[in-house]
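The chain is numbered in sequence order, starting from 1.
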Amino acid sequence: MFSFYWPIGLLVLSNVFYHITAKSLPVQVDSFFSMTVTYLVGAAVSLLLFFTLGSGEPVSQQVAGLNWAPFVLGLSVVGLEVGAIFMYKAGWEISVGNIVQAIFVAIALLVVGVLIYKEALTGTKVAGIAACLVGIFLLNK
């Protein structure tokens with residue numbers, strides 16, 4: 001049971017700190033320089049975790065097994081960072097901005113799930129989308 005739920009706990013905790021820090025970046029420091037420092041720290045931690053907790057397979061074997069996904073994921077992460085940083089710089093409240101974007105992401109992923117992964121579009125999912133759209137309307141009043 002723990003192995004099922006701990007990733008959600010980590011995501012929630014990390015997201016809370018992510019949005020607090022994204023909103024707290026110094027205004028006088030260029031956002032892209034802040035991101036560079038962020039990625040250097042992230043790369044160092046990831047490399048440390050790879051060597052301490054990873055599979056133990058050689059780096060050359062890991063490189064040989066790569067496909068397109070890590071590269072597109074890297075681009076996606078930059079988009080997430082730029083979007084969040086500039087969302088807060090534009091004046092979005094921390095309590096609203098993330099909810100609004102998360103709802104639109106959820107709706108987009110529902111469409112992706114149905115069209116690409118052939119997941120079922122049920123009445124409850126449609127009702128959930130409607131509730132989310134009502135929520136966005138209420139949050140922005």
Side-chain angles (χ1 to χ4, degrees), residues 1-57 59-141:
M1 178 105 97
F2 176 76
S3 64
F4 186 75
Y5 288 107
W6 82 262
I8 298 298
L10 179 61
L11 283 166
V12 169
L13 184 65
S14 297
N15 262 288
V16 168
F17 279 104
Y18 171 86
H19 286 281
I20 291 170
T21 56
K23 190 163 179 67
S24 301
L25 288 173
V27 177
Q28 67 275 16
V29 177
D30 186 277
S31 298
F32 297 107
F33 184 76
S34 291
M35 284 177 46
T36 301
V37 172
T38 299
Y39 290 123
L40 288 172
V41 170
V45 170
S46 295
L47 194 59
L48 177 68
L49 291 172
F50 169 73
F51 284 118
T52 58
L53 302 176
S55 64
E57 296 173 353
V59 173
S60 60
Q61 189 174 349
Q62 297 296 315
V63 170
L66 289 175
N67 66 3
W68 59 270
F71 301 98
V72 175
L73 182 60
L75 294 172
S76 300
V77 170
V78 172
L80 289 169
E81 305 291 347
V82 170
I85 290 168
F86 285 96
M87 173 182 72
Y88 291 127
K89 283 188 174 196
W92 281 86
E93 295 178 0
I94 197 167
S95 61
V96 175
N98 184 54
I99 293 171
V100 170
Q101 68 83 26
I103 289 170
F104 283 121
V105 168
I107 292 169
L109 288 175
L110 189 133
V111 171
V112 167
V114 169
L115 296 179
I116 296 175
Y117 295 101
K118 307 303 180 208
E119 297 172 357
L121 180 61
T122 63
T124 55
K125 288 180 183 177
V126 172
I129 291 171
C132 287
L133 294 174
V134 169
I136 288 175
F137 173 76
L138 293 173
L139 282 170
N140 286 299
K141 280 210 119 252

Atom CD of residue position E93 - does it have more than 12 heavy atoms of other residues, nucleotides or ligands inside 6.0 Å?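 Result for CD/E93: open.
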
Is it true that, when you exclude F50 itself, more than 12 heavy atoms of the residues, nucleotides or ligands shown sit nearer than 6.0 Å to its CZ?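 Buried by this count: over 12 neighbours within 6.0 Å.
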
Among all residues two or more places apart in sequence or in another chain, which pass the side chain to side chain contact (heavy atoms under 4.5 Å, CB included) test with [X]?
X: T122; value: A120, T124, K125
X: N67; value: A69, P70
X: L80; value: none
X: V45; value: V41, L49

As a quick check of understanding, evaluate side chain to side chain contact (heavy atoms under 4.5 Å, CB included) for Y18 and L11, giving each step before the final call. CA-CA 10 Å; Y18 171 86; L11 283 166; over 6 Å; no

Output, in order, the C-alpha distance, side-chain angles, deciding distance and verdict of side chain to side chain contact (heavy atoms under 4.5 Å, CB included) for I136 and C132. CA-CA 6 Å; I136 288 175; C132 287; 5.7 Å; no

Can you give each donor-acceptor pair under 3.5 Å made by side-chain atoms of residues 1-8, sequence neighbours left out, with the distance rounded to 0.1 Å?
none

Distance-minimising heavy-atom pair for F71 and L66: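 Closest approach of F71 to L66: CZ-CD1, 4.2 Å.
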
Please report the shortest heavy-atom distance between K89 and S31, naming the atom on each side.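 What the structure gives for the nearest pair is NZ-OG, 2.6 Å.
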
Given N98 and Q101, is the side chain to side chain contact (heavy atoms under 4.5 Å, CB included) satisfied, shown in steps? CA-CA 5 Å; N98 184 54; Q101 68 83 26; 2.6 Å; yes

To the nearest 0.5 Å, how far apart are CG in N15 and CG in L10?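 It is 9.5 Å, given to the nearest 0.5 Å.
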
I129 CD1 to L110 CG distance, which is reported to the nearest 0.5 Å: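 I129 CD1 to L110 CG: 4.5 Å, rounded to 0.5 Å.
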
Determine, step by step, whether V77 and E81 satisfy the side chain to side chain contact (heavy atoms under 4.5 Å, CB included) criterion, reporting the C-alpha distance in whole Å, the side-chain angles of both residues, the deciding distance to 0.1 Å, and the verdict. CA-CA 6 Å; V77 170; E81 305 291 347; 3.9 Å; yes

Is there side-chain contact between S76 and V72, with at least one heavy-atom pair below 4.5 Å?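 Yes, their side chains come closer than 4.5 Å.
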
Side chain to side chain, V59 and F51, heavy atoms closer than 4.5 Å: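 Heavy-atom side-chain distance check passes, below 4.5 Å.
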
Can you list every pair that meets ring-ring contact (aromatic ring centres under 6.0 Å, His included) and has a residue in residues 87-126, with sequence neighbours left out?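 Matches after skipping sequence neighbours: H19-Y88.
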
